[in-house]
Every structure is written in structure tokens, then in C-alpha cells.
Amino acid sequence: MTINYQYKNIQSPTKITLSDEQSAGHADHWRILTDDMSQDVPEWLQKMIEKAAMPKGLNSNVSAKDSCLLLSEDQPCHINQVLAMKDGKPECFINAYPCVDSPYGLTCKIERMIVNDNTHDAVLRLRTADGSIIYAFDQLYTANRHLYQQDIAYYVNFSAWAHEIKLSEQDEVIMVEDQEAIRYHRAFNDIVAANDGKMPDDLQEQIKAWQPETKEQMAPVEINLGHMCAYLFGDTLGQEDEAWCQGQVLGKQETLFNGKPIILFDVVVLREQDADPFVIRIGAPKTSTTAAIQVHDYVQANIWLQAAIYKENQKSQASAQQSKAS
């Protein structure tokens, strides 16, 4: 008996198409980096052409024969530029936007793409393995747009440009006085501490049975909101990548973008039990405010969140998952 194996049709993620009028464009993103867009941006675009490379994304066979060409640079902060092609030659300019590279990422599925086909701008709605929803601008949409599949888990690198980043408000404090809430808080901390920082399988049962041993254990609990990790995506269709976040700085380094000093902050904005932390590399122009931010500080920021999906990262991620499964 002969068995014929047939591959199912590749299902792309749901696509929502926006018109030019519905799309925000990149003027506000260029303003993060310059006060003179009309002068600086054309100069930067011309300058990058001389040393541009073609990012591979998910496709190992990059070809200039495609109808559109994505050009990039091998720099921590760089420009991606999209050109229309005809007969293997650039025909006209389509789009350009500043990017930040990041080593940090999460495994996600692409639930939907919000796309302007004219400009190749795309915002991805991503769902992490633990169910968190993240919206991010796709740096590599031009290269990857025909390759994304529904229900495939991709390793996604996350970065951002900061419209504003500053120390979090340290005086934002909540005083918890409800006795049952206090009891739950103290019980949870005591039980987890007694189990070397891990939650036991019968955690809820132990919390129910826990009783305070001293009067101080039932004193009001002070919670500093400035020491919380949080991520809130935008609520406007096609602009969900404009986000607000708060988190702790894990790393800090300096680089240049076309001669301009840039500080790169590695910030953890979601840190939940039994879930991979959501860390973003955030770029911001060097000022007295950004230079004063130190590692371990808590910051809050308005950011333009970006995603990048590369083939080589999928290989390493798949190997790690396979090793874990075995």
C-alpha cells in the first residue's frame, strides 16, 4: 500500500490592512533622534546606502529580484530602508525607520498583523508562551512578510526607542490595611521563603492554614508602585506599538547613531512567577536625565516597541527546546 503524504496549506496569521490615512508614519520616531528631520534624515539615508546590507530575517536566500528590497546596517542603532525594485534595480524609495538591535527576546506566536501594504509598516500582535499579549512594530516585515505562519512559535527579539525615559515615581505608595489581604501577603512571602523561593504544589492550602505569630505580622503593608514591572500597549488600531512600561534597569551601555550619543538600557518590564522575563533593550539619546539613570534603578518610559524575527535565532531556540523536552 502506498501512502501519499501531503502538506497542509500554509496558513498566514490574520492580516488587518490599514490605509495611508490610518497609518501614523515615522515622523514622531525620527523626532526622537533629531530636531531637524528635513536636513538630517535624507542625509542619513544617503549615507547608509554606501554601507547597507540585506538582512535575512527568516529567509536564508535574500534576493534583490524581489519587488521590494530591505536594506539595513550592522550597527546597534541603525536605519532600515525599503526600496521598490524593478528588473533587479532600485526604482523608488518606499519607507525608512530607525531601529535598535536587541539580544533579548521571547518565544511567541503571531496572532495577527496590522499592515500598511504601501509603506510596509506592520504591527504584530504576539502571544507569549505564558499568554501575555505584546504588540510590536516589525523591523523585518519586508523580508518576512510571505513567510509568517499561524500557530508557529517564533523566537522574537524585542527592542525600542524611548520617546521619554525617567526614574519611576518613588512616592507612589499604596497602604494595604485590609486584614485578609495582609494575611495573604504575609503568608505567601513566609511560605515561599521557607521553600527556597519556590511555590509548593499545595500553596493555597498552606496559605489558608497560615496564622500570624506576632502582632507585627498583621501590620499594614506598604507597596511602592515605583518598584513594579508593567507593560501597557497602545489602544489605537495600528499604533499599539506605542507603549508605556515600567521596570528595572538590568544593564546600561553607550553607542552612537550617526554620530549622536545613545544610551542603551536593558529593562525588565514583566517579571512573573514561572514565566520568562520580558526584557527590552531601549535606546534613548544621551542627556543629563538619561545619563543619571543607573543599573538597578526603576524607570518608566513611553516607548516605540520593535520586534525582529531572524532565522538563526529559530535554530538555536528549537535546539534549546528539544534538549529541554528530552
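Residues: numbered from 1 along the sequence shown.
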Contact summary for [X] and [Y], nearest pair of heavy atoms:
X      : Y      : answer
His296 : Gln248 : O-NE2, 3.2 Å
Gln150 : Thr14  : NE2-OG1, 4.3 Å
Ala230 : Trp244 : CB-CZ3, 3.9 Å
Ile79  : Glu73  : N-OE1, 3.0 Å
Glu111 : Ile133 : OE1-CD1, 3.9 Å
His163 : Ile303 : CD2-C, 4.0 Å

Glu222 atom CD, over 12 foreign heavy atoms within 6.0 Å:
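Check fails, neighbour count at 12 or below.
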
Taking atom CG of Asp276 as the centre, does the number of heavy atoms from other residues, nucleotides or ligands within less than 6.0 Å exceed 12?
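No.
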
Contacts of His26 that satisfy ring-ring contact (aromatic ring centres under 6.0 Å, His included) - sequence neighbours left out:
His29, Tyr97, Phe137, Trp304

Start with the C-alpha distance between Met175 and Glu177, add both sets of side-chain angles, then the distance that settles side chain to side chain contact (heavy atoms under 4.5 Å, CB included), and finish with yes or no.
CA-CA 6 Å; Met175 189 68 71; Glu177 297 182 345; 4.1 Å; yes

Would you call [X] and [Y] a salt bridge, taking side-chain N to carboxylate O under 4.0 Å as the test?
X      : Y      : answer
Arg183 : Glu180 : yes
Lys208 : Asp202 : no
Glu240 : Arg125 : no

Looking at [Y], is its backbone amide N or carbonyl O close enough to the side chain of [X] to form a donor-acceptor pair, meaning the two atoms are under 3.5 Å apart?
X      : Y      : result
Asn157 : Ser102 : yes
Asn195 : Ile191 : yes
Thr142 : Val82  : no
Gln246 : Leu225 : yes
Trp161 : Pro98  : yes
Gln239 : Thr236 : no
His227 : Asn224 : no
Thr290 : Pro285 : yes
Gln81  : Leu70  : no
Asn313 : Tyr155 : no

Flag side-chain contact, heavy atom, 4.5 Å: [X] against [Y]:
X      : Y      : answer
Lys56  : Tyr310 : no
Arg281 : Gln253 : yes
Arg127 : Ser132 : no
Gln306 : Ser159 : yes
Asp178 : Ile182 : no
Phe265 : Ile293 : yes

Transitive ILVMFWY side-chain link [X] to [Y], under 4.5 Å:
X      : Y      : result
Leu124 : Tyr135 : yes
Phe233 : Leu126 : yes
Val41  : Ile94  : yes
Val279 : Leu264 : no
Trp44  : Met37  : yes

Trp30 vs Phe257 aromatic rings, parallel, tilted or perpendicular, using cut-offs 30° and 60°?
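Rings of Trp30 and Phe257: tilted, 30 to 60°.
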
Between Phe158 and Tyr104, is the ring centroid distance below 6.0 Å?
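Distance test on ring centres: not under 6.0 Å, no.
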
Is there a side chain to side chain contact (heavy atoms under 4.5 Å, CB included) between Leu71 and Met54 once you walk through the steps?
CA-CA 5 Å; Leu71 298 178; Met54 291 187 289; 3.9 Å; yes

Tell me, with the steps shown, if Gln217 and Trp210 meet side chain to side chain contact (heavy atoms under 4.5 Å, CB included).
CA-CA 12 Å; Gln217 286 179 305; Trp210 184 91; 3.8 Å; yes

Output, in order, the C-alpha distance, side-chain angles, deciding distance and verdict of side chain to side chain contact (heavy atoms under 4.5 Å, CB included) for Ile134 and Leu305.
CA-CA 9 Å; Ile134 299 170; Leu305 185 59; 3.7 Å; yes

Step by step, would you call Thr34 with Asp36 a side chain to side chain donor-acceptor pair (under 3.5 Å)?
CA-CA 5 Å; Thr34 177; Asp36 189 358; 5.9 Å; no

Would you say the side-chain atoms of Asn80 and Ser72 include a donor-acceptor pair closer than 3.5 Å?
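Indeed, the side chains of Asn80 and Ser72 share at least one donor-acceptor pair under 3.5 Å.
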
Would you kindly say whether Asn116 and His120 are connected by a side-chain donor-acceptor distance under 3.5 Å?
no

Name of the residue among Asp138, Ile110, Leu147, Leu140 meeting side-chain contact (heavy atoms from CB on, under 4.5 Å) with Ile309:
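For Ile309, the side-chain contact (heavy atoms from CB on, under 4.5 Å) test succeeds with only one of Asp138, Ile110, Leu147, Leu140, which is Ile110.
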
